[in-house]
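These notes concern the structure reproduced below.
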Amino acid sequence: MKIKKAVIPAAGLGTRVLPASKSIPKEMLPIVDKPAIQYIVEEAVRSGIEDILIITNRGKSAIEDHFDRSPELEERLLASGKQKIYDEVVAISKLANIHYIRQKETKGLGHAVYCAKAFVGDDPFVVLYGDDVIIGDVPATKELCDAYEEFGLGVAGVKYVPSEQIGKYCSLATKEIRKGIFAVSDMIEKPSLDQIISNYAILGRVVLPPEIFSILENTPIGAGGEIQLTDAMKVLAKTKGMIGVEYSGTRYDMGNKLGILKAIVETGLKHKEVGDDFRKYLLETAANLK
Ligand code: UTP
């Protein structure tokens with residue numbers, strides 16, 4: 001079955017990127033000239049997704065404005081002959097059918113995904129974490145959806161994470177099926193060093209069957225006082241099994257300051273308009289570094 005629906009949770013408080021995220025949603029922070037969430041929507045669209053639900057909350061209206069038409073701006077661009085940027089601006093509003101719902105209290109990623117229950121109905125769907133931008137030739141969402149079609153099980157996008165960092169994420173019990181594809185039978189959120197099951201963690205993308213909603217209804221409050229999506233996926237992994245896909249793109253964590261800097265530098269170097277000048281500037285700057 002082809003996956004056509006996506007959910008992008010973007011209702012977090014973004015405390016790790018304050019003060020930038022005080023009045024600007026962290027999902028709207030730009031990587032050179034495009035907000036993070038636009039990269040994520042474009043990845044979904046390139047993967048065959050047609051309907052996207054963005055989970056927002058208070059103070060996130062900039063996200064809705066970004067994917068809407070902007071008549072005054074468009075008129076001005078046309079009148080001044082800026083056809084290319086006009087086309088680009090209008091195209092953003094036509095990317096996909098984008099829907100919105102508010103998570104009324106910030107109770108965690110599991111709770112945010114639960115807000116998508118009515119939108120999802122009885123279909124499998126992909127969750128793209130709103131602050132994880134993945135850049136690569138093949139979209140990560142497509143790699144996960146392909147695995148869902150092959151195995152008919154929930155799919156987690158995974159990456160190898162060194163032991164000293166995995167405590168920020170989750171640790172998965174994995175058995176390799178073939179290169180980059182794993183059977184996942186268990187997981188633990190924010191493991192301490194002695195709880196690490198493997199160095200594979202879920203980073204930014206999952207495909208879930210609709211059964212996840214009945215599991216989330218019974219998921220107690222977990223790590224950090226929040227309803228954790230990982231706790232619900234753990235039930236799925238232990239009962240039905242899940243698949244892990246080591247996606248090929250590079251993941252940038254736009255929820256922390258170093259992640260934002262890496263995304264900007266690496267994307268800036270490849271940027272058509274400013275890439276060459278930026279490379280010169282970086283080389284000069286690096287030569288003077290001590
Ligand atoms: P994070 O774990 O990065 O949480 O959420 P956060 O609250 O935004 O960040 P910090 O820790 O305070 O800096 C991962 C994704 O899930 C969304 C976030 O918007 C982010 O895209 N999220 C998180 C929700 O939609 N609702 C929540 O209650 C929590």
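Indexing begins at 1, ligand by ligand and atom by atom, following the structure's order.
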For atom 11 (O) of ligand 1, find the nearest protein heavy atom and state the residue, atom name and distance (0.1 Å precision).
Arg16 NE, 3.1 Å

Pair Lys107 + Glu226: basic N to acidic O under 4.0 Å
no

How far is atom 26 (N) of ligand 1 from the closest protein heavy atom, and which atom is that?
Gln103 OE1, 2.7 Å

What protein heavy atom lies closest to atom 16 (O) of ligand 1? Include the residue and the distance to one decimal.
Leu109 CD1, 3.3 Å

Report the part of Glu226 (side chain from C-beta onward, or backbone N, CA, C, O) that has a heavy atom under 4.0 Å from ligand 1; answer both or neither where that applies.
neither

If we number the atoms of ligand 1 from 1 as shown, the ones under 4.0 Å from a heavy atom of Ala112 are 24 (C), 25 (O), 26 (N)

Gly108: numbered ligand 1 atoms lying under 4.0 Å from its heavy atoms:
26 (N), 27 (C), 28 (O), 29 (C)

Examine the side chains of Ser248 and Asp137 and answer whether a donor and an acceptor come within less than 3.5 Å of each other.
no

May I ask you to identify, for Ile55, whether its side chain, its backbone, both or neither come under 4.0 Å of ligand 1 on a heavy-atom basis?
neither

Suppose I only count heavy atoms of Gly130 and a 4.0 Å limit; which atoms of ligand 1 are within that range?
21 (O)

Show me which atoms of ligand 1 lie under 4.0 Å from any heavy atom of Thr106.
27 (C), 28 (O)

Just which atoms of ligand 1 are under 4.0 Å from any heavy atom in Leu13?
6 (P), 7 (O), 8 (O)

Nearest non-hydrogen protein atom, atom 24 (C) of ligand 1
Gly12 N, 3.4 Å

Lys5 and Glu50 ion-paired at < 4.0 Å
no

Can you tell me the protein heavy atom closest to atom 25 (O) of ligand 1 and the distance?
Ala11 N, 2.8 Å

List the closest protein heavy-atom neighbour of atom 6 (P) of ligand 1: residue, atom name, distance to the nearest 0.1 Å.
Lys26 NZ, 3.5 Å

Starting from atom 12 (O) of ligand 1, find the nearest protein heavy-atom neighbour and note its residue, name and distance.
Thr15 OG1, 2.6 Å

Using side-chain heavy atoms (C-beta onward) and a distance below 4.5 Å, is Val126 in contact with Ile49?
yes

From Ile227, Val17, Asp131 - option closest to atom 15 (C) of ligand 1 by heavy atom
Asp131

Flag this pair as yes if the NZ/CZ of Lys159 is under 6.0 angstrom from the six-membered ring centre of Tyr200 and inside a 45 degree cone about the axis; otherwise no.
no

For Glu105, state whether at least one heavy atom is located under 4.0 Å from any atom of ligand 1.
no

Residue pair Met28 / Ile37, side-chain heavy-atom distance below 4.5 Å:
yes

Are Lys175 and Phe182 in a cation-pi setup, meaning NZ or CZ lies under 6.0 angstrom from the ring centre and within 45 degrees of the ring axis?
no

Residues Asp276 and Lys280 bridged, charged N to O under 4.0 Å
no

Basic-acidic side-chain contact under 4.0 Å: Lys179, Glu246
no

Charged N to carboxylate O under 4.0 angstrom, Arg279 versus Glu284?
no

Does ligand 1 come near enough to Glu27 that some N or O of the ligand is less than 3.5 Å from an N or O of the residue?
yes

With a 3.5 Å distance limit and no angle check, can you tell me whether Asn218 reaches the backbone of Ser214 through a side-chain donor-acceptor pair?
yes

Could you check atom 21 (O) of ligand 1 against the protein and tell me its nearest heavy-atom contact, residue, atom and distance included?
Pro9 O, 3.0 Å

From the list Gln38, Met254, Lys60, side chain to side chain contact (heavy atoms under 4.5 Å, CB included) with Glu27 holds only for Lys60

Contact check, His111 vs ligand 1, heavy-atom distance below 4.0 Å:
no

Atoms in ligand 1 flagged as close to Lys107, the criterion being non-hydrogen separation under 4.0 Å
28 (O)

